[in-house]
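A short write-up of the structure that comes next.
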Amino acid sequence: MATVSIPACTSTVLLDIEGTTTPITFVKDILFPYIREHLEEYLSTHWEEDECKQDVHLLKKQIEEDMRQHRSCPVHTVDQTVHTDEEKAIREVMDNVLWQMAADRKSTALKQLQGHMWRSAYSSGRIKGEVYQDVIPSLKRWRGQGLKVYIYSSGSVEAQKLLFGYSVEGDVLDLLDGHFDTSIGAKVDGKSYERIAERIGCQPEEITFLTDVTREAKAAEEAGVNAVVVVRPGNMELTDDERAHYNLVTSFSQLELTGRA
Ligand SMILES: CSCCC(=O)C(=O)COP(=O)(O)O
Ligand SMILES: [Mg+2]
């Protein structure tokens, strides 16, 4: 198995989740169906709670932003099955959430609500966060070499902590130095990586970012971050140009820090 060197100046490994630490199938076949199945019940039960109100407020702001940007939104027909204003409002939120999920939108509003909904699924043991077999040994190895390890995912920080706190390998949050989500900026925007470096307190050049998505790798490189593209079963196919441009790994164990044991 070919090794891929990461620069000797690296002080921090920054990890994407879906398609990188975790199979895409876990997200698409377990996490997302849970939301679709429990959305109506969740909104009806928690509608009057502050946290749910904030989630709905953020979703409404996102809808306004989408309208301003002329992005298509679900069209509301008159629904004969709902009677009260609350039922109507819940149905509107549901339509929007399901529409965003069908488009695999990565909006902060959607991701925040999802994170809150997964809480009880993880804490009850119904769902356990999947991580590839090479992930935990690599996190331990990197930390042993003095590297810091952070997560940067479109999934909310709360959703990230649930996945690693209730993982198939147990609670592995101790192996992580911190978490970033899209509240710091979109993963396809170079500025987000500059902000992350600033927040960590290092130069962008000291960060190696591992992701399955080349648009994210490109944005990271624009900020001066070293990007490595992770190829896992079921990930999006890469073009010949992308294969030629990026360092590729199929397992974290292929990564070697230059000049360290
Ligand atoms: C960690 S939460 C579940 C995954 C998710 O909702 C998501 O959008 C993951 O995106 P990523 O940026 O980790 O590819
Ligand atoms: Mg990903």
Side-chain angles (χ1 to χ4, degrees), residues 13-39 55 58-59 62 97-123 126-132 135 139 149-169 171-173 175-176 178-189 192-193 196 208-220 225 227-238 242 246 248-250 252:
V13 181
L14 184 64
L15 299 172
D16 163 69
I17 295 180
E18 185 183 354
T20 299
T21 63
T22 297
I24 288 182
T25 48
F26 173 67
V27 178
K28 298 272 189 285
D29 298 343
I30 295 182
L31 288 182
F32 287 177
Y34 179 90
I35 300 291
R36 289 189 203 98
E37 280 161 32
H38 293 85
L39 186 57
D55 291 348
L58 215 56
L59 283 163
Q62 180 65 53
V97 167
L98 296 174
W99 169 76
Q100 288 204 54
M101 286 181 68
D104 199 18
R105 294 278 303 275
K106 303 282 185 183
S107 75
T108 306
L110 172 66
K111 296 294 161 184
Q112 181 172 298
L113 172 72
Q114 288 177 335
H116 293 150
M117 286 186 65
W118 286 320
R119 211 183 269 150
S120 69
Y122 279 108
S123 64
R126 185 181 166 149
I127 289 180
K128 280 192 195 307
E130 271 183 44
V131 285
Y132 283 108
V135 172
L139 297 194
V149 182
Y150 285 81
I151 301 291
Y152 181 28
S153 168
S154 302
S156 68
V157 167
E158 174 151 9
Q160 298 173 21
K161 288 184 176 169
L162 289 167
L163 195 154
F164 291 104
Y166 295 97
S167 88
V168 286
E169 309 269 355
D171 180 352
V172 293
L173 284 171
L175 298 174
L176 300 169
H179 301 259
F180 297 99
D181 60 22
T182 52
S183 57
I184 200 137
K187 294 176 79 185
V188 292
D189 181 356
S192 306
Y193 299 85
I196 287 174
T208 285
F209 176 51
L210 273 62
T211 181
D212 59 319
V213 174
T214 50
R215 282 178 69 212
E216 295 172 6
K218 183 170 182 281
V225 163
V228 174
V229 173
V230 182
V231 179
R232 302 284 198 183
N235 283 7
M236 190 135 50
E237 282 294 319
L238 303 176
E242 288 167 341
Y246 293 105
L248 308 177
V249 292
T250 55
F252 288 2

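Start at 1 and go down the list; that is how both ligands and their atoms are numbered. For this chain, numbers begin at 1 and follow the sequence in order. Only a predicted model underlies this, so the values are computations on that prediction, with no experimental measurement involved.
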If you draw the axis of the six-membered ring of Phe32, does the NZ or CZ of Arg105 fall within 45° of it and under 6.0 Å from the ring centre?
no

Examine Ser154 against ligand 1 and note whether any of their N/O atoms are separated by less than 3.5 Å.
yes

Do Glu169 and Val131 make a side-chain contact, defined as non-hydrogen atoms from C-beta onward lying under 4.5 Å apart?
yes

Ligand 1 to Ala159, heavy atom cutoff 4.0 Å, flagged ligand atoms 2 (S)

Quick one: nearest non-hydrogen protein atom to atom 9 (C) of ligand 1, plus distance?
Glu18 OE1, 3.2 Å

Evaluation steps, side chain to side chain donor-acceptor pair (under 3.5 Å), between Thr108 and Thr182:
CA-CA 6 Å; Thr108 306; Thr182 52; 2.8 Å; yes

For N/O/S atoms only: which one belongs to Asp212 and is nearest the Mg ion (ligand 2)?
OD1

No-hydrogen, no-angle side-chain donor-acceptor test under 3.5 Å, Thr211 and Thr20
no

Name of the Asp16 atom (N/O/S only) found closest to the Mg ion (ligand 2)
OD2

For atom 13 (O) of ligand 1, what's the nearest protein heavy atom and its distance?
Ser153 OG, 2.7 Å

List the closest protein heavy-atom neighbour of atom 14 (O) of ligand 1: residue, atom name, distance to the nearest 0.1 Å.
Asp16 OD1, 2.8 Å

Start with the C-alpha distance between Gln112 and Leu58, add both sets of side-chain angles, then the distance that settles side chain to side chain contact (heavy atoms under 4.5 Å, CB included), and finish with yes or no.
CA-CA 9 Å; Gln112 181 172 298; Leu58 215 56; 3.5 Å; yes

Would you call Leu15 and Gln160 a side-chain contact if the rule is heavy atoms closer than 4.5 Å?
no

Nearest neighbour in protein (non-hydrogen) for atom 1 (C) of ligand 1:
Ile17 CD1, 3.5 Å

Apply side chain to side chain contact (heavy atoms under 4.5 Å, CB included) to Glu216 and Asp16, showing your working.
CA-CA 9 Å; Glu216 295 172 6; Asp16 163 69; 4.0 Å; yes

Of all N/O/S atoms in Glu18, which lies nearest to the Mg ion (ligand 2)?
O

Any N/O of Gln160 closer than 3.5 Å to an N/O of ligand 1?
no

Would Tyr152 and Tyr193 count as a ring pair (Phe, Tyr, Trp, His ring centres under 6.0 Å) here? Give the steps.
CA-CA 9 Å; Tyr152 181 28; Tyr193 299 85; 5.4 Å; yes

Check: Ala159 main-chain N/O paired with Trp118 side-chain donor or acceptor under 3.5 Å:
no

Taking non-hydrogen atoms only, is Leu31 closer than 4.0 angstrom to ligand 1 via side chain, backbone, both or neither?
side chain

For atom 12 (O) of ligand 1, grab the closest protein heavy atom and report residue, atom and distance to one decimal in Å.
Lys187 NZ, 2.6 Å

Checking a contact table here: which protein heavy atom is nearest atom 6 (O) of ligand 1, and how many Å away?
Lys111 NZ, 2.8 Å

